[in-house]
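All values derive from a computational prediction rather than experimental measurement. The chains referred to below are lettered A, B, ... by the order of the sequence lines, with proteins before strands, and numbering in each begins at 1.
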There are 2 protein chains.
Amino acid sequence: MTPRHAIPAANQLLFGLPPTEHAAFMAACEPATLVFGEVLVEPGAVIEHVYFPVDSFISLIVSLDDGDRLEVAMAGREGMMGVSLLLGVRESPLCALVQGAGAALRMDAARFQHLLLSCPALHKRLLRYLYVVMNQLAQTAACTHFHQVEARLARWLLMTHDRASSNNLQLTHEFLAVMLGVRRAGITQAAMALQARGLISYQRGNITVLDRAGLIEASCGCYHADRLLYARVLGDQHSGT
Amino acid sequence: MTPRHAIPAANQLLFGLPPTEHAAFMAACEPATLVFGEVLVEPGAVIEHVYFPVDSFISLIVSLDDGDRLEVAMAGREGMMGVSLLLGVRESPLCALVQGAGAALRMDAARFQHLLLSCPALHKRLLRYLYVVMNQLAQTAACTHFHQVEARLARWLLMTHDRASSNNLQLTHEFLAVMLGVRRAGITQAAMALQARGLISYQRGNITVLDRAGLIEASCGCYHADRLLYARVLGDQHSGT
DNA sequence: GCGTCTATGTACGCTAGCGTGCCGACGCAT
DNA sequence: ATGCGTCGGCACGCTAGCGTACATAGACGC
């Protein structure tokens with residue numbers, strides 16, 4: 001683990017940028033504090049700001065006509081909220097919900113779009129990130145359909161654990177049920193199973209990750225696949241693909 | 001319906017381009033004939049060519065580690081195959097399978113990426129298309145999870161019907177089962193129900209659409225939502241968003 | 001301490017869809 | 001015309017997850 005002071009708390013999408021671009025980015029954005037439960041953008045609404053979480057993370061949720069909701073992606077330190085601006089569209093189809101409170105960098109949407117014109121390296125990197133997101137969407141579609149609640153829960157906890165900087169996650173079964181699109185009772189059952197295996201423990205809205213490796217084993221391969229893809233496309237700055 | 005000779009058989013993504021860009025595009029690509037069942041790109045492989053179906057259409061399929069497969073998007077006259085090149089990534093995560101044989105325009109991947117640099121209008125339009133695709137992925141994730149086989153089948157038939165130029169679709173239950181990620185017997189049941197309602201008829205690998213409006217009613221709202229989004233983002237050339 | 005609220009455990013019947021396997025029917029090739 | 005392979009109908013028991021409802025048990029304010 002790199003100590004905090006070596007790489008100042010920042011967003012991974014900003015890693016490895018040329019100094020001028022990094023400076024331009026930092027000059028254009030401002031620090032923001034995201035509050036748990038805050039909705040950064042409603043589905044179909046115009047995006048006012050883009051967010052680059054530093055310390056916080058955001059759930060991206062699709063809502064169907066009939067009211068069903070499902071989390072389809074997550075953005076933490078490794079990602080951003082507002083990718084559709086990269087595609088020249090100012091609205092977001094998904095709902096963005098702050099799921100982990102904390103710090104983020106935020107920038108006015110118009111300014112962001114303008115900034116991209118003068119920051120080719122940043123632009124390029126963000127597009128690659130978008131590629132990763134697209135894959136996660138596709139992967140999630142299949143995962144949600146084929147895999148069982150217990151494995152999906154394990155995957156979800158791992159993804160959250162990666163983005164939260166603590167082993168302690170403030171999550172109720174109720175909330176998890178909405179994210180995974182299942183009943184609360186279904187979560188309770190799956191959580192009990194994971195707890196019985198010693199992978200997590202929990203009480204009243206507080207889940208503790210005890211055994212990451214075990215959780216990975218309990219999760220479907222989708223967790224691992226996601227991470228591999230991210231590393232391949234965005235981790236190694238020298239990779240071509 | 002616009003007669004064929006008025007708008008020459010072409011791909012909708014090329015509509016409304018400045019003449020120079022259109023000419024540059026046409027000069028760089030070549031006609032191709034897609035054969036039913038052909039795999040244009042394997043998951044994880046490098047994209048050799050991008051395809052713009054004219055008369056044909058392509059299924060985009062995600063494959064999980066454990067072998068499960070699910071169709072997550074479709075590209076016909078309204079779309080293209082190879083969007084990840086727009087993001088600067090030369091590989092495709094999804095499998096592209098020719099599902100409707102016919103004509104397409106095809107271009108070498110490198111040439112395509114190069115062409116985009118000199119065709120800003122085209123580039124912009126394709127990015128907007130990508131936005132639509134992303135939404136369809138998210139929508140499909142939720143649809144696949146929440147909606148029943150019968151409604152999903154109706155949606156799928158409608159999407160196919162839009163892209164095939166005929167009321168007659170060459171499809172076996174077996175194939176549909178793979179696309180929707182369900183058992184063949186599940187398709188048989190759903191198809192029988194749709195047939196009983198007079199919406200389709202079928203025999204031995206040949207499904208006929210009898211009542212489009214009825215099918216729309218039988219489908220989940222996802223079909224309609226998809227179309228609306230496409231129209232809003234790509235249909236009206238004057239829309240800002 | 002007491003009431004209240006919220007989170008979790010549990011139970012019951014129900015349904016969609018699964019896995020499997022078999023049969024009949026159609027159609028193509030010999 | 002015969003035979004074989006493909007396609008579709010069907011049936012069996014099974015399971016995951018649903019909808020609903022109710023009961024306990026921490027947490028928190030007063």
Side-chain angles (χ1 to χ4, degrees), chain A residues 36-37 64 66-71 99 141-157 168-197 199-208 218-220, chain B residues 36-37 64 66-71 99 141-157 168-197 199-208 218-220:
Chain A
F36 176 81
L64 296 180
D66 46 26
D68 287 322
R69 306 170 111 227
L70 183 69
E71 197 210 41
Q99 208 236 297
C143 174
T144 303
H145 183 57
F146 289 113
H147 297 152
Q148 314 211 154
V149 173
E150 189 176 325
R152 291 211 290 135
L153 176 60
R155 177 190 177 204
W156 200 93
L157 290 174
N168 252 26
L169 313 175
Q170 298 298 321
L171 296 165
T172 65
H173 292 187
E174 184 70 44
F175 178 80
L176 288 166
V178 175
M179 292 298 107
L180 300 190
V182 298
R183 285 181 319 155
R184 201 231 346 125
I187 297 292
T188 299
Q189 254 195 303
M192 282 192 301
L194 295 178
Q195 187 170 51
R197 288 162 70 179
L199 309 180
I200 62 173
S201 79
Y202 64 93
Q203 344 73 43
R204 283 191 82 74
N206 186 332
I207 299 186
T208 306
S219 74
C220 48
Chain B
F36 176 81
L64 297 180
D66 47 26
D68 286 323
R69 307 170 110 228
L70 183 70
E71 197 210 41
Q99 209 236 297
C143 174
T144 303
H145 183 57
F146 289 114
H147 297 151
Q148 313 212 154
V149 173
E150 189 176 326
R152 292 211 290 135
L153 175 60
R155 178 190 175 204
W156 199 93
L157 291 174
N168 252 28
L169 312 175
Q170 297 300 319
L171 296 165
T172 65
H173 292 189
E174 184 70 45
F175 178 81
L176 289 165
V178 175
M179 293 297 107
L180 300 189
V182 299
R183 286 182 317 155
R184 187 198 35 92
I187 297 291
T188 300
Q189 254 195 302
M192 281 193 300
L194 295 178
Q195 188 170 52
R197 288 161 71 180
L199 309 180
I200 62 173
S201 78
Y202 62 93
Q203 344 73 45
R204 282 192 85 71
N206 185 332
I207 299 186
T208 306
S219 74
C220 47

- Intermediate values then yes/no, side chain to side chain donor-acceptor pair (under 3.5 Å), A/His147 and B/Asp68: CA-CA 10 Å; A/His147 297 152; B/Asp68 286 323; 4.6 Å; no
- Task: Decide yes or no, distance alone: a donor-acceptor N/O pair under 3.5 angstrom between the base of D/dG19 and the side-chain of A/Arg183.
- Result: yes
- Taken to the nearest whole Å, CD/B/Gln203 to C1'/D/dG8 is 12 Å
- Task: Let me know the distance between CZ of A/Phe146 and P of D/dG17, rounded to the nearest Å.
- Result: 14 Å
- Between CZ of B/Phe175 and P of D/dG8 the distance, given in whole Å, is 13 Å
- Task: Give the rounded distance in Å between these two atoms: CD1 of B/Ile207 and C1' of D/dG8.
- Result: 11 Å
- Is there a side-chain contact between B/Phe146 and A/Leu70 (heavy atoms, below 4.5 Å)? yes
- Between A/Arg152 and A/Cys143 the two heavy atoms that sit nearest each other are CD-O, 3.6 Å
- In terms of ring plane angle, is the pair A/Phe36 and A/Phe175 parallel, tilted or perpendicular, where the classes change at 30° and 60°? tilted
- Query: Taking atom P of D/dC7 as reference, at what distance in whole Å does atom CG of B/Leu176 sit?
  - Reply: 12 Å
- Specify the residue among B/Val182 and A/Glu174 whose closest nucleotide of DNA chain C lies further upstream toward the 5′ end. A/Glu174
- Task: Select base, sugar-phosphate, or nothing to describe what B/Gly186 touches, counting heavy atoms under 4.0 Å on all strands.
- Result: nothing
- B/S/- contact track for nucleotides 23-30 of chain D, protein heavy atom under 4.0 Å: --BBS---
- Take the protein atom CD1 of A/Ile187 and the nucleotide atom C1' of D/dG17, then report the distance between them rounded to whole Å. 11 Å
- Query: Under the criterion side chain to side chain contact (heavy atoms under 4.5 Å, CB included), which of B/Leu180, B/Ile200, B/Val182, B/Ile207 is the partner of B/Leu153?
  - Reply: B/Leu180
- Message: Looking at B/His145 and A/Ala141, would you say the former's side chain and the latter's main chain have a donor-acceptor pair under 3.5 Å?
- Response: no
- Selected nucleotide, minimal atom distance to A/Thr172 side chain, candidates C/dG9, C/dA7, C/dG17: C/dA7
- Item | Closest-nucleotide ordering on DNA chain C, the 5'-leading residue of B/Gln189 and B/Ala185 | B/Gln189
- Message: Take a 6.0 Å sphere around CD of A/Glu150 and say whether it holds more than 12 heavy atoms from other residues, nucleotides or ligands.
- Response: yes
- Measure from the side-chain N and O atoms of B/Arg183 to the backbone N and O of B/Ala177, and report whether any donor-acceptor pair falls under 3.5 Å. no
- Separation between OG1 of A/Thr172 and OH of A/Tyr202, rounded to the nearest 0.5 Å: 12.0 Å
- Message: Below the 4.0 Å mark, does D/dG9 have OP1 or OP2 next to a side-chain nitrogen or oxygen of B/Tyr202?
- Response: yes
- Task: For side-chain contact (heavy atoms from CB on, under 4.5 Å), just list the numbers for B/Asn206 and B/Leu171, CA-CA rounded to whole Å, side-chain angles, deciding distance to a tenth of an Å, and then say yes or no.
- Result: CA-CA 6 Å; B/Asn206 185 332; B/Leu171 296 165; over 6 Å; no
- Item | d(CD, A/Gln148; P, C/dC18) in whole Å | 13 Å
- Item | Options C/dT8, D/dG17, D/dC10, nucleotide nearest the side-chain atoms of B/Met192 | D/dC10
Extract from the structure each pairing of a protein N or O with an N or O of nucleotides 28-30 of chain C at less than 3.5 Å, listing the distance.
none

- Item | Rounded distance (Å) that lies between atom P of C/dT8 and atom CD of A/Gln170 | 11 Å
